[in-house]
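The chain is numbered in sequence order, starting from 1.
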Amino acid sequence: MKNTILYCLAAASTTLSFFFERTPDATNTSSASIIAEASLLPSFADDGTPSDATTASRDSLAYHYYSQTLGVDLAFNENKDLLRTVTDWIGTPYRYGSNSKKGTDCSGFVTRVFEEVYGVTLKRSSRSMFENVKRVNKEQMEAGDLVFFRRGPGQPIYHVGIYIKDGKFAHSATNGGVMISSLNQPYYHRNFYAAGRVENE
């Protein structure tokens, strides 16, 4: 009985060794799938830095994310730091006189974004900002330009935001905090006063 069991074990061992010792077929589909999966992994240069293809792929994913979050069509050559910073502030509640992620008013939001993105320190109020920008025609606005609002002729400027693209701008509104709005919305279309560009010294 023992001999029969030993014989069976030896036969099984021989059979298994045949499968494990043979060289994989080069045309084996599982090998192809392994190669395909490996090609999806990030590739790196000899010095350990991401390759151009990997960087481009990450940039593409980032731009798609910013496009969806901010509601604008991007050409993938916009200022990524501006888009990322504005996106990070979306949803911050409104708080008069503050400029932190716990709460911020409109000018506080603008000053923080400009400090983080451009390293520029702006005046704290929307009126002071307006006095220190270069006026820009509405049709010539670019990402990063400031948009100013007032409630009628002769009225003081009361609100400021940062132009993004496609008529959209980022701002901190009293009724929702930091958000993206459109200059074509009736309220903002009616109260839009001017656009200005911050000139780096």
_I want to know whether His64 and Phe76 have ring centres closer than 6.0 Å._
yes
*Shortest non-hydrogen separation from Lys138 to His189 and the atoms involved*: NZ-ND1, 4.1 Å
*Consider only side-chain heavy atoms of I, L, V, M, F, W and Y, link residues closer than 4.5 Å, and tell whether Val160 and Tyr118 are in one cluster.*
yes
*Pairwise distance CG(Leu74) to CD1(Ile164) - rounded to 0.5 angstrom*: 9.5 Å
*Expected output: side-chain Thr69 to main-chain Tyr65 donor-acceptor under 3.5 Å*: yes
*Is it true that a side-chain atom of Asp166 and a backbone atom of Asp73 form a donor plus acceptor pair closer than 3.5 Å?*
yes
*With a 4.5 Å heavy-atom cut-off, do Arg190 and Tyr187 have their side chains touching?*
yes
*Do the side chain of Asp145 and the main chain of Glu142 share a donor and acceptor less than 3.5 angstrom apart?*
yes
*Counting distance only, does the side-chain N/O of Asn79 pair as donor-acceptor with the main-chain N or O of Asp81 below 3.5 Å?*
yes
*asked:* Please tell me whether Val133 and Val136 are part of a single hydrophobic cluster in this structure, the criterion being side-chain heavy atoms less than 4.5 Å apart.
replied: no
_Euclidean distance, Thr92 OG1 relative to Met179 CE, rounded to 0.5 Å_ = 11.0 Å
*How close do Met141 and Leu183 get, heavy atom to heavy atom, and via which atoms?*
CE-CD1, 3.5 Å
*Hey, are the side chains of His171 and Val110 touching, using non-hydrogen atoms and a 4.5 Å cut-off?*
no
*Has the side chain of Asp105 got a donor or acceptor atom that lies under 3.5 Å from a matching backbone atom of Gly108?*
yes
*asked:* For a 4.5 angstrom cut-off between non-hydrogen side-chain atoms, does Leu70 reach Lys168?
replied: no
*asked:* Determine whether a donor-acceptor pair (N or O, by modelled atom type, separation under 3.5 Å) exists between the side chain of Thr85 and the backbone of Leu82.
replied: no
*Think Arg135 forms a cation-pi with Tyr193, using NZ or CZ under 6.0 Å from the six-ring centre and within 45 degrees of its axis?*
yes
*Please say whether the positively charged group of Arg84, taken as NZ for Lys or CZ for Arg, lies over the ring of Tyr66, i.e. under 6.0 angstrom from the six-membered ring centre and within 45 degrees of the axis.*
no
*Less than 6.0 Å separating the ring centroids of Tyr188 and Phe169?*
yes
*Do Phe148 and Val86 share a hydrophobic cluster, counting only Ile, Leu, Val, Met, Phe, Trp and Tyr and linking them when any side-chain heavy atoms are less than 4.5 Å apart?*
yes
*Starting at CE of Met129, measure out to NZ of Lys123 and round the result to the nearest 0.5 Å.*
11.0 Å
*OG1 of Thr104 to CZ of Arg95: how many Å apart, nearest 0.5 Å?*
9.5 Å
*Between Arg127 and Glu131, is there a side-chain N and carboxylate O pair less than 4.0 Å apart?*
no
*What closest approach, in Å, do Cys106 and Ser172 show between heavy atoms, and which atom pair accounts for it?*
CB-O, 3.6 Å
_Interatomic spacing from CZ in Arg197 to CG in Leu146 - rounded to 0.5 Å_ = 10.5 Å
_A quick test of your reading: do over 12 heavy atoms of other residues, nucleotides or ligands sit less than 6.0 Å from NZ of Lys165?_
yes
*Are Leu83 and Val120 joined in one hydrophobic group, where the rule is that I, L, V, M, F, W and Y side chains link up if heavy atoms are under 4.5 Å apart?*
yes
_Tell me if a side-chain donor or acceptor on Tyr63 pairs with a main-chain N or O of Glu78 at a distance below 3.5 Å._
yes
_Looking only at side-chain N and O atoms, does Ser126 offer a donor or acceptor that is under 3.5 Å from a partner on His159?_
no
*Any donor-acceptor pair under 3.5 Å linking the side chain of Ser98 with the backbone of Ser100?*
no
*Least distance between heavy atoms, Phe130 atom then Ile157 atom*: CG-CD1, 3.3 Å
